[in-house]
Amino acid sequence: MKKQFAVIGLGRFGSSVCKELYKLGHEVLAIDSREEKVNDITPHSTHSVIANGTDEKALQSLGIRNFDYVIVAIGDDIQSSILCTLLLKELGVEKVWVKAQNYYHQRVLEKIGADRIVHPEQDMGIRIAQHIISEKIVDYIELSPDYSIVELIATDKVSSKSLVELNIRALYGCTILGIKRGDDINIAPTPTDQIQQGDILIVIGHKNDLKRFEDEGM
């Protein structure tokens, strides 16, 4: 189902978000005060506009409140990021996602009503660290300070065994959300589905339980 997104701030992060959303078939309005950035993103967006994200009248004229999501990707100018977020919430935008520069920036964004706050550099750092410390981890997504989703490569220890035989939930407190095998993905595995060596298991759970499953179960 197509959704409407507006991205304010077309640095590396904002441009990447624009391009990916547009590639996935959604409607994307790209906004930046710098003409060269707007020109660069034009082929990768539905509409692109030169405008200041802190200009309330400009935001109103763009019909910003009608978008499903607005992503505030303003770079190093924390004051502009905060003011833009505040204006968007006052204008009635339902879902505002904001890139935060640091913990103090995040605290202010939380207080003025940002719906989701992202730390691209920090999140990527966590992913890279997880890859480095374990050869079994393919990808890692932090859901909260305590819970994560990981993609683990199945070893010969679990090969040719079904989910009910492995009893992962009871033994480790983790849940298998899906199984990737080559280009195929099983997003609703049944208890009788067997795992083969080299499969990628998509697992959700508490970080301690995931680590225990990785160390002991795999």
Side-chain angles (χ1 to χ4, degrees), residues 1-128 130-131 139-145 148-149 151:
M1 184 178 175
K2 275 190 176 184
K3 292 183 177 179
Q4 291 184 317
F5 296 88
V7 180
I8 302 175
L10 300 175
R12 282 179 297 179
F13 174 68
S15 295
S16 296
V17 172
C18 268
K19 290 174 181 177
E20 189 63 21
L21 290 171
Y22 185 67
K23 189 165 71 174
L24 292 170
H26 296 288
E27 292 186 24
V28 183
L29 170 64
I31 304 168
D32 199 290
S33 58
R34 297 162 293 180
E35 184 178 358
E36 68 277 10
K37 294 292 184 182
V38 173
N39 291 338
D40 288 344
I41 205 65
T42 297
H44 309 286
S45 60
T46 314
H47 304 286
S48 55
V49 177
I50 301 169
N52 189 329
T54 63
D55 185 333
E56 184 175 359
K57 289 183 178 179
L59 294 174
Q60 284 179 320
S61 69
L62 292 169
I64 204 75
R65 65 172 298 175
N66 298 318
F67 285 82
D68 298 305
Y69 291 83
V70 178
I71 298 98
V72 180
I74 295 171
D76 296 331
D77 191 342
I78 292 177
Q79 182 176 327
S80 293
S81 168
I82 292 168
L83 179 54
C84 179
T85 304
L86 181 62
L87 288 173
L88 292 170
K89 295 311 294 183
E90 287 183 345
L91 289 170
V93 178
E94 270 194 41
K95 295 175 182 175
V96 179
W97 289 35
V98 191
K99 173 187 174 183
Q101 292 296 108
N102 51 50
Y103 172 67
Y104 299 103
H105 188 191
Q106 175 179 333
R107 287 183 64 186
V108 176
L109 292 171
E110 288 171 344
K111 289 183 181 297
I112 63 175
D115 299 284
R116 178 87 179 255
I117 300 161
V118 296
H119 298 264
E121 292 85 0
Q122 176 182 313
D123 295 344
M124 184 53 68
I126 290 169
R127 286 190 176 195
I128 289 171
Q130 291 292 334
H131 284 300
D139 204 355
Y140 177 94
I141 300 172
E142 187 174 54
L143 300 176
S144 75
S148 301
I149 295 174
E151 292 186 351

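These numbers come from the heavy atoms of this one structure, side chains and all, not from hydrogens, waters or symmetry mates.
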Less than 4.5 Å apart, any side-chain heavy atom of [X] and any of [Y]?
X	Y	answer
Leu59	Val93	no
Leu109	Val96	no
Arg65	Val70	no
Lys89	Ile112	no
Gln79	Leu83	no
Ile64	Leu87	no
Asp68	Lys95	no
Cys84	Ile74	yes

To the nearest 0.5 Å, tell me how far [X] [atom1] sits from [Y] [atom2].
X	Y	atom1	atom2	result
Ser80	Asp55	OG	CG	11.5 Å
Ile71	Lys99	CD1	NZ	13.5 Å
His119	Gln106	NE2	CD	3.5 Å
Tyr69	Leu21	OH	CG	10.5 Å
Leu10	Lys19	CG	NZ	10.0 Å
Thr85	His105	OG1	NE2	6.5 Å

What are the two closest heavy atoms between [X] and [Y], and how far apart are they?
X	Y	result
Glu110	Ile117	CG-CD1, 3.4 Å
Ala73	Phe13	CB-CD2, 3.6 Å
Phe67	Leu29	CZ-CD2, 3.5 Å

Q) Taking Glu27 as the fixed residue, which of Gln4, Lys3, Lys2 is the one that meets the side-chain hydrogen bond (donor to acceptor under 3.5 Å, both in side chains) rule? A)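 Among Gln4, Lys3, Lys2, the one that satisfies the side-chain hydrogen bond (donor to acceptor under 3.5 Å, both in side chains) with Glu27 is Gln4.
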Q: Answer yes when Glu20 and Lys23 have at least one side-chain N-carboxylate O distance shorter than 4.0 Å, and no when they do not.
A: yes
(Q) Once you measure the plane-to-plane angle for His26 and Phe5, does it fall in the parallel (<30°), tilted (30-60°) or perpendicular (>60°) bin? (A) perpendicular
Q. Knowing that exactly one of Val98, Leu88, Asn52 qualifies, which makes a side-chain contact (heavy atoms from CB on, under 4.5 Å) with Ile8?
A.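 Only one option passes, and that is Leu88.
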Q. Checking side-chain contact (heavy atoms from CB on, under 4.5 Å) against Val7, which of Cys18, Ser15, Ser16 comes through?
A. Cys18
Q. Hey, is CD on Gln60 packed in by over 12 heavy atoms from elsewhere, all under 6.0 Å?
A.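 Buried by this count: over 12 neighbours within 6.0 Å.
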Q) Around atom CD of Glu36, are there more than 12 heavy atoms of other residues, nucleotides or ligands at under 6.0 Å? A)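 Yes, because the 6.0 Å sphere around CD of Glu36 holds more than 12 heavy atoms from other groups.
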Q) Ser81 side chain to Asp77 main-chain N or O, any donor-acceptor pair under 3.5 Å? A) no
**Q.** Whether Asp32 side chain and Lys37 backbone form a donor-acceptor pair below 3.5 Å
**A.** no
(Q) If we count only N and O atoms by modelled type, under 3.5 Å, do the side chains of Thr42 and Ser48 hold a donor and an acceptor together? (A) yes
